[in-house]
Amino acid sequence: MTNPTLRDEQAGAHLDAIRQSYDTVATDYARFVKDPGALDPVSRAVLTAFAESVTASGLGPTADVGCGPGKVTAFLTGLGVSAFGIDLSPRMIDLARAAHPELRFEVGSMTALESGDGELGGVLAFYSTHHLPPTELPSVYQEFHRVLAPGGHLLLVTRVGEEEHQRRTYGYGDGDPAPFDSYRLPADRIAGLLERAGFAITAQTLQAPEEGAKRPVAGFLARKPATAKAP
C-alpha cells in the first residue's frame with residue numbers, strides 16, 4: 001500500500017513542476033495559444049453548448065480551471081456565463097488579469113479548489129488535466145463534483161491516447177523552453193472515471209487530430225445529478 005504522506009509529497013512535487021514550467025513559458029504561450037473564436041467549429045460548438053447549459057441552469061458561477069492567460073474565460077463571459085479563472089501558475093494569472101481586468105482570476109489548484117460544496121453552476125477543464133498522473137484524476141474529478149451544485153455542468157476537453165506518458169520540452173515561439181509531463185488515456189477510461197466520481201455524461205465528442213498533432217481530442221459534457229441516486 002502506498003504511504004499517504006509519500007503520495008502527498010509526490011503530488012506536491014508534481015504540481016510544483018507544472019507551476020514552474022508554465023511560469024517559464026507563460027508570456028510566449030499567451031501569444032501562441034489561439035483565441036477561442038479561432039478554434040475549429042466543433043470546439044466552438046462544444047464550448048457554446050456548455051455555456052448555454054450553465055446559463056440556463058442559473059445555479060452559480062463557472063470556474064475555468066487551468067485557465068492560462070484567460071482567453072477561454074473571457075470567451076465564456078462573452079457568451080453570458082458568469083465565469084472566473086483559476087490557474088496554478090502565478091505568471092499566467094498575472095497575464096490573464098492584465099488582459100482582462102474586468103474578470104476574476106485566482107492562483108489555485110484543481111486538486112483543492114477553494115469553492116465551497118455545491119457553490120458552482122459550472123466547471124470547465126479545457127486542455128488542463130493532461131499533466132496530472134492518472135492516479136490523481138479520480139480525486140480531481142471528485143473535487144469537480146464537490147464544488148458543483150446539484151444539476152451543475154462540467155465540460156472536460158483533453159487529448160486521448162492509449163495509456164501514454166510523455167515527457168517533452170516545449171517552447172513557444174522564440175521563448176525559453178520548459179519540460180512537461182503529459183498523460184493520454186483512452187476516452188472510455190476517462191468517461192468511466194467521471195461516472196465513478198458521480199457524473200452523468202450527457203454528450204461526448206471525439207475529433208481526429210488536427211494538422212501537426214498526433215492524438216485525437218475528446219470532449220465530455222457531464223452533469224452532476226440534481227438528486228442523489230437511490231442506494
(message) Working note: Leu88 + Val107, criterion side chain to side chain contact (heavy atoms under 4.5 Å, CB included); need CA distance, chi angles, decisive distance, verdict.
(response) CA-CA 6 Å; Leu88 195 61; Val107 176; over 6 Å; no
(request) Test Met110 against Leu132 for side chain to side chain contact (heavy atoms under 4.5 Å, CB included), laying out the working first. (result) CA-CA 10 Å; Met110 67 178 69; Leu132 295 171; 3.7 Å; yes
(message) Please determine whether ring pair (Phe, Tyr, Trp, His ring centres under 6.0 Å) holds for the pair Phe84 and His100, giving the CA-CA distance in whole Å, both sets of side-chain angles, and the decisive distance to 0.1 Å.
(response) CA-CA 11 Å; Phe84 66 98; His100 309 285; over 10 Å; no
(request) Would you please test Asp181 and Gln166 for side chain to side chain donor-acceptor pair (under 3.5 Å) and show each step? (result) CA-CA 6 Å; Asp181 286 290; Gln166 293 182 330; over 6 Å; no
(request) Begin from the C-alpha positions of Arg146 and Leu113 and carry the test side chain to side chain contact (heavy atoms under 4.5 Å, CB included) through to its verdict. (result) CA-CA 9 Å; Arg146 178 188 69 80; Leu113 296 169; 4.2 Å; yes
(request) Check the pair Glu163 / Arg184 against salt bridge (charged side-chain N to carboxylate O under 4.0 Å, His left out), numbers first and verdict last. (result) CA-CA 6 Å; Glu163 307 287 348; Arg184 313 296 186 193; over 6 Å; no
(request) Begin from the C-alpha positions of His153 and Phe50 and carry the test side chain to side chain contact (heavy atoms under 4.5 Å, CB included) through to its verdict. (result) CA-CA 7 Å; His153 296 272; Phe50 172 70; 4.1 Å; yes
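Hydrophobic clustering, with ILVMFWY side chains joined whenever heavy atoms are under 4.5 angstrom apart, groups Met92 together with Tyr170. Hydrophobic clustering of Ile, Leu, Val, Met, Phe, Trp and Tyr side chains at less than 4.5 Å, counting indirect connections, unites Leu79 with Val46. Hydrophobic clustering (ILVMFWY, side-chain heavy atoms < 4.5 Å, transitive): Ile18 and Leu137 are in one cluster. At a threshold of 4.5 Å between side-chain heavy atoms, the hydrophobic network of Ile, Leu, Val, Met, Phe, Trp and Tyr places Phe220 and Leu206 in one connected group. At a threshold of 4.5 Å between side-chain heavy atoms, the hydrophobic network of Ile, Leu, Val, Met, Phe, Trp and Tyr places Leu155 and Val42 in one connected group.
Separating the CZ atom in Phe105 from the OG1 atom in Thr73 is a distance of 4.5 Å, to the nearest 0.5 Å. The distance from atom CD of Gln204 to atom CG of Leu194, rounded to the nearest 0.5 Å, is 9.0 Å. Taken from CD in Glu114 to CD in Glu106, the straight-line distance is 6.0 Å, to the nearest 0.5 Å. Here CD of Glu52 is found 12.0 Å from OG of Ser57. Values are rounded to the nearest 0.5 Å. In this structure, Phe126 CZ and Leu76 CG are separated by 9.0 Å, a value rounded to the nearest 0.5 Å. Expressed to the nearest 0.5 Å, how far CD1 of Ile86 lies from OG of Ser115 amounts to 5.5 Å.
Note on Glu164 versus Arg215: salt bridge recorded, some NZ/NE/NH1/NH2 to OD/OE distance being below 4.0 Å.
Closest non-hydrogen pair, Gly80 versus Thr55, comes out as O-CG2, 3.3 Å. Among all heavy-atom pairs drawn from Arg223 and Ala226, the shortest one is NH2-CB, 3.9 Å. Annotation for Asp87 and Cys67: closest pair OD2-N, 3.3 Å, computed over non-hydrogen atoms. When every heavy atom of Leu15 is checked against every heavy atom of Ser109, the shortest pair comes out as CD1-OG, 3.9 Å. Taking both residues in full, the closest heavy atoms of Ala96 and Gly68 are given as CB-O, 3.8 Å, listed atom of the first, atom of the second, then distance.
Residues Leu47 and Leu39 form a side-chain contact, since some pair of their non-hydrogen atoms from C-beta on lies under 4.5 Å apart. No side-chain heavy atom of Val54 sits less than 4.5 Å from a side-chain heavy atom of Leu124. Asp40 is listed as a side-chain neighbour of Gln207, based on a closest heavy-atom distance under 4.5 Å. Residues Arg44 and Pro36 are not in side-chain contact: their nearest non-hydrogen atoms beyond the backbone lie 4.5 Å or more apart. You'll find the side chain of Arg196 stays beyond 4.5 Å of the side chain of Pro138, heavy atoms only. Looking at Pro150 and Pro225, their side chains never come closer than 4.5 Å, going by heavy atoms from C-beta outward. Within the 4.5 Å cutoff, the side chain of Tyr127 has heavy atoms near those of the Val217 side chain. Annotation: side chain of Val25 is not in contact with side chain of Asp176 (no heavy-atom distance under 4.5 Å).
Asp35 contributes no side-chain N or O that, together with a main-chain N or O of Gly37, makes up a donor-acceptor pair within less than 3.5 Å. Side chain of Thr205 to main chain of Gly219: a donor-acceptor pair is present (N/O by atom type, distance under 3.5 Å, no hydrogens or angles). The backbone N or O of Gly116 sits less than 3.5 Å from a side-chain atom of Glu119, completing a donor-acceptor pair. The backbone N or O of Glu136 lies less than 3.5 Å from a partner atom in the side chain of Ser139, making a donor-acceptor pair. Formation of a donor-acceptor pair under 3.5 Å by the Asp117 side chain with backbone atoms of Val147 is not found in this model. Using modelled atom types, one side-chain atom of Ser128 and one backbone atom of Val65 make a donor-acceptor pair closer than 3.5 Å. A distance-only check finds no donor-acceptor pair linking the side chain of Lys224 to the backbone of Ala200 [under 3.5 Å]. In terms of modelled atom types and a separation under 3.5 Å, the side chain of Thr202 and the main chain of Leu221 share a donor-acceptor contact. The main-chain N or O of His131 is found under 3.5 Å from a side-chain atom of His14 such that the two form a donor-acceptor pair. Between the side chain of Arg91 and the backbone N or O of Gln20 there is no donor-acceptor pair closer than 3.5 Å.
Relative orientation of the Tyr141 and Phe144 rings is tilted, given thresholds of 30° and 60° on the angle between their planes. Using the six-membered ring where Trp is involved, His165 and Tyr183 have ring planes that are parallel, under 30° apart on the 30 and 60° scheme.
Checked against the 6.0 Å centroid criterion, the rings of Phe199 and His145 qualify as a close aromatic pair.
Checked against Thr62 for a side chain to side chain contact (heavy atoms under 4.5 Å, CB included), the options Leu148, Val81, Leu120 give a single hit: Val81.
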